[in-house]
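To keep things clear, I will list the structure first and then write my remarks on it.
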Amino acid sequence: MAAISGFPALADLRGRDLLSSADLNAAQTKALLDLAADLKAGRQRIDLQGRTLGLIFSKASTRTRVSFTVAMARLGGQTIDLNPQVSQVGRGEPVADTARVLSRYVDALAIRTFAQSELEEYAHWASIPVINALTDLEHPCQALADYLTLKEAFGDLSGLTLSYVGDGNNVAHSLLLCGALLGVNVRIGCPEGYEPDAAVLERARELGAANGAAVEVLHEPVAAVRGAHALYTDVWASMGQEEEKAARERDFAGWCLDETLIAEADSRAIVLHCLPAYRGLEISAGAIEGPSSRVFDQAENRLHAQQALLAALLDTP
Ligand code: CP
Ligand code: NVA
């Protein structure tokens, strides 16, 4: 018997991959948030009966690695750390071989890497679910936790506006796609030259049109945040862009998410950041520590959102 009861929209996710926020449809995205809320409140208990998640992380991580590990433990499963530096992956064993071998041992893989194409190659060769734990293109698990946090603050998500100010990066891409599916208007405010990927924007606009959400890109910070219900930012230089850090700090001057910008948003607006954060650069200390901040609830919600996702992908018919 299926372990998850009361969520018919999740049945089609059994055995599937999550490589992009757009791999989910609107009903599945909403159901994952509802299941995450139920798990958080203790209204659902799910037993994955000892199943194993492999973690292949080619980049640093605190939240994603730990929240996946704890999520599996809470679901009655376990994780195994497959750090590329100490596995044969680091010595150049082909992804095609690694993915097929690991599929014989573990029940799912969560992968953090640089190129989306490498993640897709794992998914192509693996016969088990592959989860995007962050690539240069997307961070879909983060977006689920972010919209769960927004839902906790406002109840109904549809018609809300989330303003992301900063680099049009992986986090921005998943916020665009996931927000569009949930009927949340997503505004990206960024300096010229730091816009989100054009193909992601186009897909988000299509999904938004189908779900009653608008997608906008603005190049002026106050206009970007005016009246918004959530203000969100992320680092200006992502992992892999360390050499661009100084140039980016110059280009992003005037784009710090601070109390002045918060004053332009809706009076109930919440402040979000995926973390890790650099106070005094993309966000002020006052914004991250102030009364509007929900960043630590947001970080906690990684755990609940990923429990819901793992339960759906690893559920048995
Ligand atoms: N937000 C996030 O993904 O954090 P980590 O890099 O610590 O996993
Ligand atoms: N955009 C950031 C997110 C870190 C969680 C990065 O890719 O480094």
Side-chain angles (χ1 to χ4, degrees), residues 18 21 29-30 32-41 60-71 74 110 112 131-134 138-157 160-167 169-179 181-182 184-188 225 228-235 238-239 256-259 261-262 265-266 268-279 281-310:
L18 182 73
S21 293
T29 307
K30 286 182 189 144
L32 283 176
L33 298 192
D34 289 341
L35 176 59
D38 278 4
L39 287 162
K40 184 172 182 177
S61 171
T62 297
R63 279 144 289 269
T64 309
R65 183 193 296 277
V66 176
S67 57
F68 265 119
T69 306
V70 176
R74 288 196 181 182
R112 171 168 286 200
I131 301 168
N132 183 344
L134 182 148
E138 278 205 54
H139 199 0
C141 297
Q142 180 71 53
L144 289 173
D146 301 340
Y147 286 109
L148 177 60
T149 313
L150 189 59
K151 195 167 151 62
E152 287 174 342
F154 286 92
D156 188 15
L157 285 175
L160 297 180
T161 296
L162 178 142
S163 290
Y164 173 99
V165 289
D167 184 26
N169 63 14
N170 45 8
V171 168
H173 291 159
S174 286
L175 284 170
L176 279 162
L177 296 167
C178 192
L181 284 166
L182 290 165
V184 176
N185 305 309
V186 184
R187 256 189 242 152
I188 305 291
V225 302
H229 303 96
L231 304 186
Y232 197 123
T233 191
D234 181 19
V235 292
S238 285
M239 290 180 274
C256 178
L257 174 49
D258 60 10
E259 292 85 331
L261 283 188
I262 296 172
D266 186 280
R268 300 159 296 167
I270 61 168
V271 169
L272 300 173
H273 191 308
C274 57
L275 303 178
Y278 295 95
R279 288 163 173 79
L281 291 178
E282 79 276 3
I283 192 161
S284 68
I288 203 167
E289 302 293 350
S292 307
S293 175
R294 296 289 180 278
V295 297
F296 296 103
D297 293 332
Q298 180 187 4
E300 176 188 333
N301 284 339
R302 298 293 306 277
L303 177 58
H304 308 298
Q306 282 155 212
Q307 263 185 263
L309 176 67
L310 290 163

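If you read the sequence from its start, that first residue is 1, and numbering goes on from there.
- Under 4.0 Å is where a charged nitrogen must lie from a carboxylate oxygen, and between K151 and D34 at least one such pair does.
- Remark: R279 engages A285, I288, E289 in a side chain to side chain contact (heavy atoms under 4.5 Å, CB included) (not counting sequence neighbours).
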message: Run the salt bridge (charged side-chain N to carboxylate O under 4.0 Å, His left out) test on E152 and K40 for me, step by step, so that the C-alpha distance in whole Å, both residues' side-chain angles and the decisive distance to 0.1 Å come before the verdict.
response: CA-CA 11 Å; E152 287 174 342; K40 184 172 182 177; 2.7 Å; yes
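- The salt bridge (Lys or Arg N to Asp or Glu O under 4.0 Å) check on R63 picks up nothing, with sequence neighbours excluded.
- Between L39 and L35, the closest side-chain pair of non-hydrogen atoms falls below 4.5 Å.
- The side chain to side chain contact (heavy atoms under 4.5 Å, CB included) test applied to A133 returns F57, T64, F68, A110, R112, not counting sequence neighbours.
- In this structure, the side-chain hydrogen bond (donor to acceptor under 3.5 Å, both in side chains) partners of D234, at least two apart in sequence or on a different chain, are N169.
- Of the options Q298, R302, H304, a side chain to side chain donor-acceptor pair (under 3.5 Å) to E300 is made by H304 and by none of the others.
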message: What verdict does the side-chain hydrogen bond (donor to acceptor under 3.5 Å, both in side chains) test give for N301 and T149, after you've listed the backbone C-alpha separation in whole Å, the side-chain angles of each residue and the deciding distance to 0.1 Å?
response: CA-CA 7 Å; N301 284 339; T149 313; 3.0 Å; yes
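- Judged as a salt bridge (Lys or Arg N to Asp or Glu O under 4.0 Å), and not counting sequence neighbours, K30 has no contacts.
- Partners of Y232 by ring pair (Phe, Tyr, Trp, His ring centres under 6.0 Å), not counting sequence neighbours, listed by chain and number: Y164.
- In the model, H273 has a side-chain atom that pairs as donor or acceptor with a side-chain atom of E282 under 3.5 Å.
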